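Take a look at the structure below.
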Amino acid sequence: MSTTSDQSGERFLPLSEPCLQGNEWQYVKECLDSGWISSVGAFVNRFEQRVAEYVGVKHAVATVNGTSALHAAMLTAGVEPGDEVLVSTLTFIATVNAIRYAGAHPVLIDSEPRYWQMDPQLVRDFLRRECRAEHGELRNRVTGRRVRAIMPVHVLGHPVDLPAITAEAEAFGLRLIEDAAESLGASLHWKKIGATSDLACLSFNGNKTITCGGGGMILTNSQSDADRARYLTTQAKDDAIEYIHNEVGYNYRMTNVLAAIGLAQLEQLDGFVQRRREIAAYYRGGLCGAGLTWHTDAPGASSTSWLSTALVDPVQAGVTACELRDQLQRSKIQTRRLWQPMHLSPAHQSAQAVLNGTADRLFEQALSFPSTPNLTDGDLDRVVQATGGVLRMRVRRAA
Ligand SMILES: Cc1ncc(COP(=O)(O)O)c(C=O)c1O
């Protein structure tokens with residue numbers, strides 16, 4: 001995929017698309033030349049090992065996509081049918097679907113207003129006020145179901161307040177599974193995201209910071225969890241020669257061709273993250289005030305700035321986020337609202353939700369701007385000028 005121009009010569013500026021500028025061709029050719037194109041091969045092992053080293057975890061298990069990683073992580077964590085899992089209501093639907101695939105029930109937790117991540121105070125309130133301990137397990141007072149895990153999402157690649165949420169998980173004996181689909185390369189207090197909880201899941205979807213076209217990964221420091229994840233994602237094969245399977249497993253393994261692309265992308269990850277962060281800083285510098293409030297990093301946090309996102313205050317800006325999106329589309333600039341929060345989604349609105357109004361406001365007002373690393377400063381200036389024009393604000397022109 002590439003940004004294309006039309007007769008007017010103006011390029012379409014995409015939100016987030018793959019940048020394939022490294023060793024992708026070479027590594028894929030090596031797969032084709034060797035004949036190792038399927039779900040085993042040296043690139044799968046190398047990709048897993050290099051991601052584990054990069055993040056600082058002991059084990060990595062590659063999967064066909066991030067959604068399958070989340071599903072397998074649920075099962076690996078011991079989430080059983082009828083259990084409950086606390087999860088961010090502000091997320092892409094795959095996170096919550098994975099809980100349902102495991103036969104469990106989501107409890108949807110709202111975001112804190114400052115950095116838009118799962119609100120630790122709401123988690124604390126729910127666990128302390130709405131749950132009770134019974135025979136060594138935690139049960140939801142209303143539903144009577146066992147609460148088994150917490151699954152925060154690092155929304156837009158910005159770290160969740162992990163110390164606070166980890167403390168709650170530990171206090172109540174809950175498993176902690178991070179949806180780190182957007183946050184490979186982010187860190188909190190100098191530790192890479194994905195390194196500290198029971199399990200963390202990555203996505204290498206086409207719009208992510210690095211991509212295989214489609215792919216995912218489960219990260220963990222636990223040998224037994226890694227073994228379990230590998231077993232479940234490989235059809236729960238107990239005897240590869242006799243084809244003995246003692247459980248229902250899944251065909252979730254990544255292929256060698258995809259891992260070859262992923263490895264080449266990983267070699268460029270730091271540069272991609274740096275450029276996404278520069279893009280966010282460029283927008284913040286060029287478009288401040290006049291109804292736009294940009295998402296920024298919390299103290300001690302370093303986001304991937306996966307998508308540069310601002311809140312559009314309709315009163316101050318004179319337009320809603322949707323109107324701004326539609327007007328920028330006419331200038332061939334792609335923007336996107338955040339996801340419909342899960343408590344509003346017809347697929348999940350029957351779930352119990354602990355809300356404070358933040359996700360609703362973000363859904364109304366948040367707009368993500370073009371964040372692809374290979375956008376030039378000239379492209380970013382076009383976004384700034386066009387947005388400033390719609391908002392009738394004075395913007396700084398690039399030198
Ligand atoms: C927060 C989040 N979770 C899960 C996923 C699902 O990953 P995949 O598309 O690789 O299945 C995505 C992105 O697609 C995501 O952004």
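Order of listing sets the numbers, starting from 1, for every ligand and every atom in it. Side chains included, hydrogens not; waters and symmetry mates left out as well; all remaining heavy atoms used. Not measured: the values here are computed from a predicted model.
Residue contacts with ligand 1 include Gly215, since one of its heavy atoms falls under 4.0 Å from the ligand.
At least one donor-acceptor pair closer than 3.5 Å links the side chain of Ser88 to the backbone N or O of Val153. The backbone N or O of Asn207 lies less than 3.5 Å from a partner atom in the side chain of Ser16, making a donor-acceptor pair.
For ligand 1, the polar-atom distance check against Leu70 finds no nitrogen or oxygen pair separated by under 3.5 Å. Annotation: Thr91 places no N or O atom under 3.5 Å from an N or O atom of ligand 1; distance criterion only. Between Trp306 and ligand 1, not a single N/O pair is under 3.5 Å apart. For ligand 1, the polar-atom distance check finds an N/O of Asp179 within less than 3.5 Å of one of the ligand's N/O atoms. For ligand 1, the polar-atom distance check finds an N/O of Lys208 within less than 3.5 Å of one of the ligand's N/O atoms.
The aromatic rings of Tyr250 and His71 stand perpendicular to each other, their planes meeting at an angle above 60°, with 30° marking the opposite boundary.
A side-chain N or O of Glu24 and one of Gln268 form a donor-acceptor pair less than 3.5 Å apart.
Of the protein's non-hydrogen atoms, the one nearest atom 11 (O) of ligand 1 is Thr67 OG1, 2.5 Å. The protein heavy-atom contact nearest to atom 1 (C) of ligand 1 is Glu182 OE2, 3.2 Å. From the protein, the heavy atom lying nearest to atom 7 (O) of ligand 1 is Ser203 OG, 3.3 Å. Ranking protein heavy atoms by distance to atom 9 (O) of ligand 1, first place goes to Asn205 ND2, 3.5 Å. Shortest contact from atom 5 (C) of ligand 1 to any protein heavy atom: Phe92 CD2, 3.7 Å.
Atoms of ligand 1 lying under 4.0 Å from at least one heavy atom of Gly66, given by number and element, are 7 (O), 8 (P), 10 (O), 11 (O).
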Check your understanding: What's the verdict on side-chain hydrogen bond (donor to acceptor under 3.5 Å, both in side chains) for Gln274 and Asp270, showing C-alpha distance, side-chain angles and the deciding distance?
Key -> CA-CA 6 Å; Gln274 188 187 329; Asp270 285 338; over 6 Å; no
